[in-house]
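Inspection log for the structure reproduced underneath, given as C-alpha cells.
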Protein chains: 2
Amino acid sequence: MKADATTDPELACPISPVVDIVFSRWTTPILWSLHTFGRQRFVELERRVTGITPKVLTQRLRQLERDGLVVRTYHPEVPPRVEYEISELGRSLAPLFAHLTEWATANLGHVERAREEYDAAGSPR
Amino acid sequence: MKADATTDPELACPISPVVDIVFSRWTTPILWSLHTFGRQRFVELERRVTGITPKVLTQRLRQLERDGLVVRTYHPEVPPRVEYEISELGRSLAPLFAHLTEWATANLGHVERAREEYDAAGSPR
DNA sequence: CCGTATCCAAATCGATACTG
DNA sequence: CAGTATCGATTTGGATACGG
C-alpha cells in the first residue's frame with residue numbers, strides 16, 4: 001500500500017505524492033513512449049520499453065490506468081487487440097517533462113563531474 | 001549499481017537519468033527540508049524527515065553529496081558537528097519543484113477521482 | 001553528536017511457463 | 001495477442017546496538 005501525505009508524516013513534503021504517481025519505476029519510459037509514439041498495443045510497448053517483462057508492464061499499465069494517466073481500450077476481436085494511449089491528464093505532464101529534460105541537458109554534466117570528483121577524493125578524511 | 005541511458009536501452013527515455021538522481025527514495029523530502037529550512041545538522045534532518053532511520057538518511061545524504069546536490073560540512077569540534085546544505089546545483093532544481101507542486105495542486109484531485117472511479121468499477125467485464 | 005555494523009523482513013524484479 | 005501464475009533471486013528498508 002502507498003502512504004499519503006496527510007496520514008504519513010514522512011511525506012511532509014508537498015511533492016512526494018506526485019513523485020509516487022509520476023516517477024515510480026518504469027512509469028517514465030512508458031509515458032514517454034506513449035507520448036512520443038502515440039497509441040500503442042501491448043507488444044509494441046513491450047518492445048519499446050526495453051527490458052521490461054510482460055508481468056511488470058501489466059502492473060505498471062494498470063497503475064497508470066488507475067491513476068487516470070493512461071487509457072486502455074479493449075477491442076474484442078480474434079485475436080484480441082488492446083491499445084494504450086496517454087490521457088488528457090497524462091498529457092498535462094508534458095511541460096513538466098520538458099522542464100525536466102531541460103534541467104537534464106543543462107546539469108547532468110555537472111552531476112557527472114561532481115561524481116568524478118567525489119570518487120577521485122577516495123575515502124579521505 | 002545504476003544503469004545509464006547510453007548503455008542501457010531500457011532507459012531510452014531522456015528523463016530517466018534525472019529521475020534516478022532527483023526522485024529516488026527519500027531524496028525529495030530531504031532536498032525539500034534543506035531547501036525550506038536551510039542548513040541543518042544531521043539530527044535536525046532526522047527529525048524533520050519523519051520515519052527515516054539514521055542508516056538510510058546517511059545513505060541518501062552520501063548519494064546527494066556525491067551527485068553534487070548537497071554540501072556536507074564537517075566541523076571537528078567536541079562533540080563533532082556536521083552541517084548539510086543544498087548546493088548551487090541543488091538549488092537549480094527549485095523551479096522544477098515549484099512546477100511539480102503546481103501540477104500537484106491542479107491535478108492531484110483528478111488522480112484521486114480517477115482512482116475512485118477505477119476502484120468503483122470493480123473487476124467488471 | 002554523527003554516524004556505522006549487523007541482521008532480518010519485506011517489497012520488487014526477473015525468468016519462465018502457460019491460458020483465453 | 002495479451003496477458004496471468006508461479007517461483008526464486010535481488011534489492012531495499014527497518015530495528016537495534018554500538019563506536020569515535
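Naming convention: chains lettered A, B, ... in sequence-line order (proteins, then strands); numbering from 1 in each chain. Hydrogens, waters and symmetry mates are skipped; everything else that's a heavy atom, side chains included, is used.
Residue pairs satisfying the ring pair (Phe, Tyr, Trp, His ring centres under 6.0 Å) criterion with at least one member in residues 81-116 of chain B, sequence neighbours excluded, are listed as follows: A:His99-B:His99.
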Expected rows: protein N/O vs nucleotides 5-10 of chain D N/O, under 3.5 Å:
none

Distances under 3.5 Å only, N/O to N/O: pair up the protein atoms with those of nucleotides 1-3 of chain D.
residue: D:dC1; atom: O3'; partner: A:Arg41; partner atom: NH2; Å: 3.0
residue: D:dA2; atom: OP1; partner: A:Arg41; partner atom: NE; Å: 2.9
residue: D:dA2; atom: OP1; partner: A:Arg41; partner atom: NH2; Å: 3.2
residue: D:dA2; atom: OP1; partner: A:Val82; partner atom: N; Å: 3.2
residue: D:dA2; atom: OP1; partner: A:Val82; partner atom: O; Å: 3.4
residue: D:dA2; atom: OP2; partner: A:Val43; partner atom: N; Å: 3.2
residue: D:dG3; atom: OP1; partner: A:Arg62; partner atom: NH2; Å: 3.3
residue: D:dG3; atom: OP1; partner: A:Arg72; partner atom: NH1; Å: 2.4
residue: D:dG3; atom: OP2; partner: A:Tyr84; partner atom: OH; Å: 2.7

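The phosphate of C:dA11 (OP1 or OP2) has no side-chain N or O of A:Arg25 nearer than 4.0 angstrom.
One can place CD of B:Gln59 at 18 Å from P of C:dC2, the figure rounded to the nearest angstrom. Between B:Ile52 atom CD1 and D:dA15 atom C1' there is a gap of 14 Å when expressed in whole angstrom units. Rounding to whole angstrom units, CG of residue B:Leu57 and C1' of C:dC2 are separated by 10 Å. A straight line from CD of B:Gln40 to C1' of C:dG3 spans 17 Å, rounded to a whole angstrom.
Smallest separation of non-hydrogen atoms from B:Ser92 and A:Asn107: OG-ND2, 3.8 Å. Contact detail for B:His35 and B:Ala94: the closest heavy-atom pair is NE2-CB, 3.9 Å. Of all non-hydrogen atoms in A:Gln40 and A:Ser33, the two that sit nearest each other are NE2-O, 3.0 Å. Nearest heavy-atom pair, B:Val22 versus B:Thr28, reported as atom, atom and distance to 0.1 Å: O-CG2, 3.8 Å. Pairing each heavy atom of B:Val71 with each of B:Ser87, the nearest pair is CG2-CB, 3.7 Å.
In the model, B:Ser24 has a side-chain atom that pairs as donor or acceptor with a side-chain atom of B:Gln63 under 3.5 Å.
Linking Ile, Leu, Val, Met, Phe, Trp and Tyr whenever their side-chain heavy atoms come within less than 4.5 Å puts A:Phe42 and A:Tyr74 in one cluster.
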